[in-house]
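What follows is a short report on a single structure.
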Amino acid sequence: QIMIAWGLNRGTSVIPKSESPERIKQNLQGAHLNIKQEDMDAISKLDKHYRYVDGGFLCKGDSPYTMESLWDEDYVPDLKNE
């Protein structure tokens, strides 16, 4: 719930995966949490700028996308997976 509230407070879309009705209900409650700015800042500092799915599959062939255009920060390729 905290991460859902954090994402929503940042103005980003949040799509949690849940199948059980109880977890869906709990996730929806996250939209109503108030997080202090100092807590928002502390959570933001946890970001390691690592993407498990880098989006490279969207940049193949005639795609209008590039790796640089997919992210709002500098793209640094993971050279060990190249």
Side-chain angles (χ1 to χ4, degrees):
Q1 291 174 359
I2 295 293
M3 295 311 295
I4 293 169
W6 174 77
L8 293 174
N9 279 304
R10 290 181 62 228
T12 57
S13 299
V14 178
I15 307 171
K17 180 196 170 293
S18 295
E19 294 181 16
S20 91
E22 185 59 30
R23 285 295 292 148
I24 293 169
K25 181 179 174 183
Q26 291 171 353
N27 287 340
L28 289 172
Q29 291 171 349
H32 303 290
L33 290 178
N34 292 317
I35 300 177
K36 293 185 275 184
Q37 186 59 48
E38 64 191 58
D39 294 330
M40 290 286 296
D41 295 341
I43 294 170
S44 293
K45 289 179 183 176
L46 298 172
D47 186 5
K48 302 292 184 201
H49 300 288
Y50 181 81
R51 309 232 183 259
Y52 288 94
V53 178
D54 69 6
F57 61 93
L58 296 171
C59 303
K60 304 228 187 267
D62 294 336
S63 173
Y65 301 109
T66 65
M67 290 301 291
E68 291 76 15
S69 70
L70 289 175
W71 309 116
D72 59 356
E73 55 200 22
D74 290 338
Y75 169 66
V76 179
D78 184 357
L79 298 177
K80 66 181 175 227
N81 289 327
E82 296 278 317

- Identify, with sequence neighbours excluded, every residue that meets side chain to side chain donor-acceptor pair (under 3.5 Å) alongside Ser13. none
Using side chain to side chain contact (heavy atoms under 4.5 Å, CB included) as the criterion, list what pairs up with [X], not counting sequence neighbours.
{"X": "Leu8", "result": "Ile4, Val14, Ala31"}
{"X": "Met3", "result": "Trp6, Ile43"}
{"X": "Lys60", "result": "none"}

- Task: Determine whether more than 12 heavy atoms belonging to other residues, nucleotides or ligands lie under 6.0 Å from atom CG of Leu46.
- Result: yes
- Query: Which residue pairs satisfy the salt bridge (Lys or Arg N to Asp or Glu O under 4.0 Å) criterion with at least one member in residues 12-31, sequence neighbours excluded?
  - Reply: Lys17-Glu19
- Item | salt bridge (Lys or Arg N to Asp or Glu O under 4.0 Å) contacts in which one or both residues fall within residues 30-44, not counting sequence neighbours | none
- Message: Please check this pair: side chain of Gln26 against backbone of Gln1, looking for a donor-acceptor N/O pair closer than 3.5 Å.
- Response: no
- Query: Can you name the closest pair of heavy atoms from Ile24 and Ser18 and give their distance?
  - Reply: CG1-CB, 3.6 Å
- Taking all non-hydrogen atoms of both residues into account, name the closest pair between Ala5 and Gly30 and its distance. CB-O, 3.2 Å
